[in-house]
Amino acid sequence: MTDNLETFDIGRVRADFPILRREVYGRPLIYLDNAATSQKPQSVIERIERYYREENANIHRGVHYLSQLATREYESARVKIKRFINAGDAHEIIFTRGTTEGINLVAFSYGRKHVREGDEVIISAMEHHSNIVPWQMLCEYTGAKLRVIPINDDGELIMDEYARMLGPRTKIVAVNHISNALGTVNPVKRIVEMAHSQDVPVLIDGAQAAPHLAVDVRDLDCDFYVFSGHKMCGPTGVGALYGKTEWLNTLPPWQGGGDMIASVDFDKTTYNALPYKFEAGTPNIAGGIGLGAAIDYLTGIGLDRIAAYEHELLDYATETIGAINGVRIIGTAREKASVLSFTLAGIHPHDIGTILDQEGIAVRAGHHCAQPVMKRFKVPATVRASFAFYNTKAEIDALAEGIHRVVEVLG
Ligand code: 7TS
């Protein structure tokens, strides 16, 4: 361990998460399904409770005390998100329901304005369904074509193919920062540079990156960046879309309703300024404030320390699980974070997941909403252990023991 990691007090960190003290089937919970959703620290749970107990009111519309208080807290969460990803301005942060909604917003709004028949949209072969289907729907409506950057046997993007695909027909590139099925960390800065050299904007799906590494949207120079609160210690039903001011100002709104307008008449409606233009209706106020508390919590530990600790966990897991007879690791990229996907010869992933569950070990078994990845590696499904900074090497040892037991029972 480096000096940095010695200051990472795992016991104290775990004590912040009440759920980690519970048992399942009379055994201590070993939660290794963090890519699906993370657990929540006490400070986030308390913040949401305090909002409902002491601050609840609708925002942006009340003259009264509570409405102004709730508005202030919600807008202060927006500023926390802005700092968290180093955006240039808080109005570049649009609250969403999560990553999925952020991608749909951009596909709809950017797509409506800029994508026509014969144009091309580039995604990659390792996308979550939520970064595939919205673009497919856009292509269906417009007659544009979906192009897919292929991946190699390690689960890395084939960048030469990407370079060949980019051209005058390309209207947007949408790729993930970290793959939820493989754990690959993609060279997103390079992807953006290459697209920008052809004046093509880039959306980055940061659902799996925001919880695990320090994101700097200005350094990446991406045009859009989306992520979900619930994967980074925040509540479900809230997330954020970052968009550069130039884009957000010129794109049409997507949902119409309250809060997104400046004035409404039957002859003509004018739209509100950023960010409200993209935030129709009463939002998830408690969720936004809870996400702000989650960001306070994560930055209190420090994303660099989280990344370093999780990197050690992943290396240890790769070594330990990879050494088990019959295990095939799916996703062996040079740059990886927090995800270990694998199969076990002759045993279906669902059976592995079920037996591990009986041991109190929560993993995901399935296609991870990335069916094209399963097809690429010619497997029906994988078992996925995904790590957070509150996991331990002892838990990985328990996972290894559990897998040995699976082999005894079913092998
Ligand atoms: N993009 C990536 C890379 C993801 O991993 C996920 C969720 C999403 C988008 C969608 O996020 P949502 O919050 O809008 O649902 N991934 C997973 C997973 O791996 N297991 O469950 C959800």
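Remember, it's 1-based here, ligands and their atoms both numbered in the order they're listed.
Of all the listed residues (Q208, E101, M126, H129), Q208 holds the heavy atom that lies closest to atom 5 (O) of ligand 1.
At a heavy-atom cutoff of 4.0 Å, ligand 1 is contacted by no atom of R97, backbone or side chain. Under 4.0 Å from ligand 1, the heavy atoms of D205 that appear belong solely to its side chain. Counting heavy atoms under 4.0 Å from ligand 1, residue E127 does not touch it at all. Residue R364 touches ligand 1 through its side chain alone, judged by heavy-atom distances below 4.0 Å. Only the side chain of A207 comes within 4.0 Å of ligand 1, counting heavy atoms alone; its backbone N, CA, C and O stay farther away.
Other residues, nucleotides and ligands place more than 12 heavy atoms under 6.0 Å from the CZ atom of R21. Within a 6.0 Å radius of CD in Q42, other residues, nucleotides and ligands contribute more than 12 heavy atoms. Taking a 6.0 Å sphere around CZ of R14, one finds it holds more than 12 heavy atoms contributed by other residues, nucleotides or ligands.
Residue R78 forms a salt bridge (Lys or Arg N to Asp or Glu O under 4.0 Å) with just one option from E279, E73, E92, and that option is E279.
No hydrogens or angles considered: nothing links the side chains of H114 and D119 as a donor-acceptor pair under 3.5 Å. With 3.5 Å as the limit, one finds no donor-acceptor pair spanning the side chains of Q371 and H129. There is a side-chain donor-acceptor pair under 3.5 Å between D16 and Y297.
Numbered from 1 in the order shown, with element, the atoms of ligand 1 that lie under 4.0 Å from a heavy atom of S228 read 11 (O), 12 (P), 13 (O), 14 (O). Residue contact check: T100 has heavy atoms under 4.0 Å from atoms 10 (C), 11 (O), 12 (P), 14 (O), 15 (O) of ligand 1. Near N180, with a cut-off below 4.0 Å to any heavy atom, the atoms of ligand 1 are 5 (O), 16 (N), 18 (C), 19 (O).
For H368, no nitrogen or oxygen atom sits less than 3.5 Å from a nitrogen or oxygen atom of ligand 1, counting backbone and side chain alike.
The closest approach between a heavy atom of S130 and any atom of ligand 1 is below 4.0 Å.
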